[in-house]
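Heads up, the thing below is written out as structure tokens.
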Amino acid sequence: MSLGAAEDDSASEIHIPAEIDWHMLDKSKFFFLGAALFSGVSAALYPVVVLKTRQQVSPTQIPTLKLSYSIMRHEGIRGFYRGFGTSLMGTIPARALYMTALEVTKSSVGTATVRLGFSDTTATAIANAAAGLSSAMAAQLVWTPIDVVSQRLMVQGCSYSNSKSSSNVIPNLDSSRYRNGIDAFRKILYADGPRGLYRGFGISILTYAPSNAVWWASYSVAHRLVWGGIACYTNKKDESCVNGCGYRPDSKAMVAVQGLCAAMASGVSAMITMPLDTVKTRMQVLDGEQNGRRQPLTVMQTVKNLVKEGGFAACYRGLGPRWVSMSMSATTMITTYEFLKRLSTKSSESSTQ
């Protein structure tokens with residue numbers, strides 16, 4: 001099933017290269033090149049993730065520019081890359097699981113929905129939503145422990161690390177607590193067991209699974225709407241066009257449309273899932289206190305503390321950096337991903353064997 005395939009007559013004038021399905025890929029090349037490309041993407045976007053995480057953990061709203069200046073002044077460039085090594089080590093296996101589940105689900109569900117009689121547009125949206133859901137759930141098996149460790153490292157040394165944001169919350173941010181990712185992993189495992197590494201796993205699934213489903217469904221719809229609009233524009237511009245002629249977008253046009261659709265999908269996804277992401281981050285980083293003993297916060301305790309600090313708006317702390325991060329990540333991800341698939345396509349000789 002081709003994502004770029006047009007359903008109506010007007011869209012058929014846009015000659016978009018056919019979608020590359022799972023069976024058409026050289027898997028070893030796909031995973032090797034994918035690890036290299038997405039590691040570079042992660043390095044470029046990591047500072048924005050650090051800003052978002054610190055804003056979510058802060059007991060008060062901190063403007064993004066002020067926070068950036070504070071990190072640069074007191075911690076230097078390294079402050080924007082706290083926990084990056086740990087994050088990078090987890091990105092490779094998590095991305096491998098993500099891409100495998102994404103492509104396998106998209107291909108199988110897309111074929112099944114078309115056979116059930118759904119239109120190509122509807123079948124594409126359903127397949128992309130199902131693929132986003134399954135890929136997020138698969139990736140979280142690896143990503144949640146990495147997220148817990150890297151976020152603990154991200155917020156170490158914060159200026160608010162020794163102040164309590166609420167009477168029953170301990171900002172677990174002692175700058176001398178963790179020397180590196182391995183030390184953090186060992187200490188969390190010793191203190192809380194495996195459950196400590198999977199703190200917030202449930203809320204992570206509730207955050208990322210719907211977010212990915214919404215993103216991929218929104219992206220497929222936006223993709224068709226944008227190309228449909230371009231088709232209408234080109235048809236009106238060249239009314240003398242007869243059957244067989246049409247607009248063939250070059251690589252720059254393809255990348256521009258993919259980036260625009262990714263940013264549109266990211267805006268929808270970020271607005272819908274931001275409160276869940278804030279709750280998830282706080283559950284993974286902060287501890288509660290009861291009868292003088294430290295214990296993980298529950299979802300309800302986290303929500304109550306957020307509302308107490310700043311009302312419902314507190315759940316949207318870090319929305320700006322998160323939307324920017326999601327948009328930049330999604331734009332680079334989808335363009336890199338499509339480029340990766342074309343680089344990894346089997347040769348015509350091997351694919352026919």
- prompt: Between Met274 and Gln56, does a side-chain contact (heavy atoms from CB on, under 4.5 Å) hold up when you go through it step by step?
  reply: CA-CA 10 Å; Met274 185 64 201; Gln56 289 176 318; 3.4 Å; yes

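- Using a 4.5 Å cut-off between side-chain heavy atoms of Ile, Leu, Val, Met, Phe, Trp and Tyr, with links allowed through other members, Met300 and Ile203 fall into different hydrophobic clusters.
- Contact detail for Ser58 and Arg282: the closest heavy-atom pair is O-NH2, 2.9 Å.
- Judged purely by atom type and a 3.5 angstrom limit, Thr278 uses its side chain to pair as donor or acceptor with the backbone of Cys315.
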Show me the side-chain donor-acceptor pairs of residues 32-44 shorter than 3.5 Å, one per line, residues at least two apart or across chains.
from, atom 1, to, atom 2, distance (Å)
Ser39, OG, Ala35, O, 2.6
Ser42, OG, Phe38, O, 2.9

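- Leu141 and Leu206 fall into different hydrophobic clusters, where Ile, Leu, Val, Met, Phe, Trp and Tyr side chains are chained together by heavy-atom contacts under 4.5 Å.
- Placement of Met99 and Trp143 in two distinct hydrophobic clusters is found when ILVMFWY residues are connected by side-chain heavy-atom separations under 4.5 Å, directly or transitively.
- Nearest heavy atom pair, residue Gly181 against residue Thr86, reads CA-OG1, 3.2 Å.
- In plain terms, the two heavy atoms of Tyr316 and Met271 that are nearest each other are OH-O, 3.2 Å.
- When every heavy atom of Leu67 is checked against every heavy atom of Leu51, the shortest pair comes out as CD2-O, 3.7 Å.
- Expressed to the nearest 0.5 Å, how far CG of Leu306 lies from CD of Gln301 amounts to 12.0 Å.
- The backbone N or O of Val324 lies less than 3.5 Å from no partner atom in the side chain of Ser327, so there is not a single donor-acceptor pair.
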task: Start with the C-alpha distance between Met89 and Ile146, add both sets of side-chain angles, then the distance that settles side-chain contact (heavy atoms from CB on, under 4.5 Å), and finish with yes or no.
output: CA-CA 8 Å; Met89 290 299 294; Ile146 298 299; 5.6 Å; no

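- In this structure, Tyr219 and Gln258 have side chains that are in contact, with non-hydrogen atoms separated by less than 4.5 Å.
- Under the 3.5 Å distance criterion, the side-chain polar atoms of Tyr98 are left unmatched by any main-chain donor or acceptor of Gln140.
- Not one N or O on the side chain of Thr100 forms a donor-acceptor pair closer than 3.5 Å with the backbone of Leu97.
- Atom NZ of Lys52 and atom CG of Leu45 lie 12.5 Å apart (nearest 0.5 Å).
- Closest of all the heavy-atom pairs between Ala136 and Asn212 is CB-ND2, 3.6 Å.
- The hydrophobic clustering, which links ILVMFWY residues whose side-chain heavy atoms are closer than 4.5 Å, places Val299 and Leu276 together.
- Between the CZ atom in Arg152 and the CZ atom in Arg199 there is a gap of 5.0 Å [rounded to 0.5 Å].
- In terms of modelled atom types and a separation under 3.5 Å, the side chain of Ser87 and the main chain of Gly83 share no donor-acceptor contact.
- No donor-acceptor pair under 3.5 Å is formed between the side chain of Ser70 and the backbone N or O of Lys66.
- Side-chain atoms of Thr105 do not come within 3.5 Å of backbone N or O of Leu102 as any donor-acceptor pair.
- Taking the six-membered ring where the residue is Trp, Phe84 and Tyr46 present perpendicular rings, their angle passing 60° and hence far from 30°.
- Partner of Lys280 under the side chain to side chain donor-acceptor pair (under 3.5 Å) criterion, out of Thr144, Asp147, Thr302: Asp147 alone.
- Screening residues 259-274 for side chain to side chain donor-acceptor pair (under 3.5 Å), with sequence neighbours left out, gives Ser211-Ser269, Trp215-Ser266, Thr273-Arg322.
- Summarising the geometry of Ala184 relative to Val149, their closest heavy-atom pair is CB-CG1, 3.8 Å, with the distance given to 0.1 Å.
- A donor-acceptor pair is defined here as one N or O able to donate and one able to accept, closer than 3.5 Å; such a pair exists between the side chain of Thr113 and the backbone of Gly110.
- In this structure, the side chains of Asp277 and Tyr208 come closer than 4.5 Å at one or more pairs of heavy atoms.
- In this structure, Met154 and Val57 have side chains that are not in contact, with every pair of non-hydrogen atoms separated by 4.5 Å or more.
- The same ILVMFWY cluster, assembled from side-chain heavy atoms under 4.5 Å apart, contains both Phe80 and Val49.
- A donor-acceptor pair under 3.5 Å links the side-chain atoms of Thr111 to the main chain of Ser107, judged by distance alone.
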- request: Starting from the C-alpha separation in whole Å, work towards a yes-or-no answer on side-chain contact (heavy atoms from CB on, under 4.5 Å) for Lys106 and Asn128.
  value: CA-CA 6 Å; Lys106 189 191 297 185; Asn128 277 273; 3.8 Å; yes

query: Would Thr124 and Arg224 satisfy side-chain contact (heavy atoms from CB on, under 4.5 Å), going step by step from the backbone distance to the final call?
result: CA-CA 10 Å; Thr124 300; Arg224 287 181 173 275; 3.5 Å; yes

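- Counting heavy atoms from C-beta on, the side chains of Thr281 and Gln151 come closer than 4.5 Å.
- More than 12 heavy atoms of other residues, nucleotides or ligands sit less than 6.0 Å from atom CG of Leu260.
- Considering OH of Tyr178 and CG of Leu153, their distance stands at 8.0 Å, rounded to 0.5 Å.
- Summarising the geometry, atom OG belonging to Ser150 is positioned 13.0 Å from atom CZ belonging to Phe185; distances are rounded to the nearest 0.5 Å.
- Note: Phe201 CZ to Met283 CE = 12.5 Å, rounded to the nearest 0.5 Å.
- Remark: the backbone N or O of Gln61 is not paired with any side-chain donor or acceptor of Gln55 at under 3.5 angstrom.
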